[in-house]
Amino acid sequence: MKTIYSETLYERARELMPGGVNSPVRAFQSVGGIPRFIHRAKEQYLYDEDGNVYIDYIGSWGPMILGHNPDFVIKAVKEQLENGLSYGIATALEVEMAELITQMVPCVEMIRMVNSGTEAVMSAIRVARGFTGRDKIVKFEGCYHGHADAMLVKAGSGVMTAGIPDSSGVPKGCTADTLSAVYNDLDSVEALFSKFPNEIACVIVEPVAANMGVVVPQKGFLQGLRRICSQYHALLIFDEVITGFRLQADGAVGYFNVIPDLVTYGKIIGGGMPVGAYGGKKDIMQMVSPLGSVYQAGTLSGNPIAMCAGMHQLRYLKHHPEVYHHIGFLSHRLRSGLEEIIEHYHVPCTVNGIGSLTCLYFTKEHVTNYALAKSANTDLFRDYFHFMLDNGNYFGPSQFEAVFVSNAHTLREIDKTLSDADLYFASVFGKK
Ligand SMILES: *Cc1c(COP(=O)(O)O)cnc(C)c1O
């Protein structure tokens, strides 16, 4: 596979941008090699600057659930473009977007649009603290909630200790109130609440953890969080930046039938434009400025182009439940195909997944939390990743990313990917 132009661009980029990228994972940090520079995308395919074609299993990290450039979204955005890029003044689009989301997810009674998932989480945490008058927050090891200071906590095994910043430049004070618990372990959450019964503002969780590979909540885990939060008058926040509008039209809230107090969105909600949102119960959301005392603002929030793209995609999802059957069916086929290969060649791997989210872990452990996810052999993953990439399968360049399938994918792509995986594992683990 020719990668000359990507190599040249990468060289130029590294002089100009840290790591040559605007977000770290794109730099192939954990797998090495040359990141591909993408020129164009259509439906389930990516086309790079050297003319190579890939089946896209990243989908812009989630937003492109319908595949790239659905005609009706592009048409609507083109029409909106004619009317201007931004006004900084209220629009009908924002009202329509808020109506659509609150209809699709009834527990979201009020919503505020922002520009990224990071902003959504940062703001929701501020609201939870403002509403409860408490400072401490609980997050789970291995869950990613964007790069706001308070969320960048190295979640060691010291569950009872205050969070230690995971990034330089984050003052200890910013993470001193961030407590971490173990995913799928209600006892670890109970322990924190017993220690600080009146100090915890909220528990924030990815209802399906999709930033440490894919870790599915065990039966009763989310229900247990709901119970504990209610008992201690803390808020439960679902970070649905990945699961929202993906597990089903009403996200994890509907899928697991657990009602959080606040929900954060991103990725899919913008249809590929930079959008995030947070919302929830009215009495809580009324805390937000200008109604209430929790300040939060955004010059470009609710941007008309972004609202237009996001709203058309969401509206399609609302009216086309067959999308979820299709992406679920293909992902199930992908998972069962991988499982057959693993069994056939006795590969030390485990497949996790739910709906359209899949992860092939290079460990035999049944992965239910961060420590188990970390047991994966990332060297083996790196080798597999590059083989698959060179054969036209673009996965997230890290063991700890989900494989995303879109509505534009068909069985043909899934079967090609499985046959490439079979070739790879036969060459490494096949009988000599
Ligand atoms: C991607 C992600 C974020 C951060 O969103 P950005 O738009 O990258 O700031 C937050 N939470 C979860 C669960 C995510 O997957």
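Since this is a predicted model, take the numbers as computed values, not measurements. The figures here come from the full heavy-atom set of this structure, side chains too, leaving out hydrogens, waters and symmetry mates. As the structure lists them, so they are numbered: ligands from 1, and atoms in each ligand from 1.
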With ring centroids as reference points, do [X] and [Y] lie under 6.0 angstrom apart?
X: Tyr57; Y: Phe395; answer: yes
X: Phe245; Y: Tyr265; answer: yes
X: Tyr384; Y: Phe362; answer: yes

Which heavy atom of the protein is the closest neighbour of atom 11 (N) of ligand 1, given with residue, atom name and distance?
-> Asp239 OD2, 2.7 Å

Nearest neighbour in protein (non-hydrogen) for atom 9 (O) of ligand 1 = Thr118 OG1, 2.6 Å

Taking everything shown except Lys75 itself, do over 12 heavy atoms lie less than 6.0 Å from its NZ?
-> no

Beyond-backbone contact of Val215 with Val208, side-chain heavy atoms, under 4.5 angstrom | no

Would you call the rings of Phe28 and Phe385 parallel, tilted or perpendicular if under 30° counts as parallel and over 60° as perpendicular?
-> perpendicular

Nitrogen or oxygen atoms of Glu206 and ligand 1 under 3.5 Å apart = no

Could an N or O of ligand 1 be found under 3.5 Å from any N or O of Gly117, whether backbone or side chain?
-> yes

Which of the atoms in ligand 1, numbered in the order shown and given with their element, are less than 4.0 Å from a heavy-atom of [X]?
X: Lys267; value: 1 (C), 2 (C), 3 (C), 14 (C), 15 (O)
X: Ile242; value: 15 (O)
X: Ser116; value: 7 (O), 9 (O)

Hey, is Thr264 touching ligand 1 through its side chain, its backbone, both or neither, going by heavy atoms under 4.0 Å?
-> neither

Looking at CG of Leu192 and CD1 of Ile228, how far apart are the two atoms once the value is rounded to the nearest 0.5 Å?
-> 9.5 Å

Taking atom 13 (C) of ligand 1 as the point of reference, which of Trp61, Tyr265, Tyr144, Phe238 owns the nearest heavy atom?
-> Tyr144

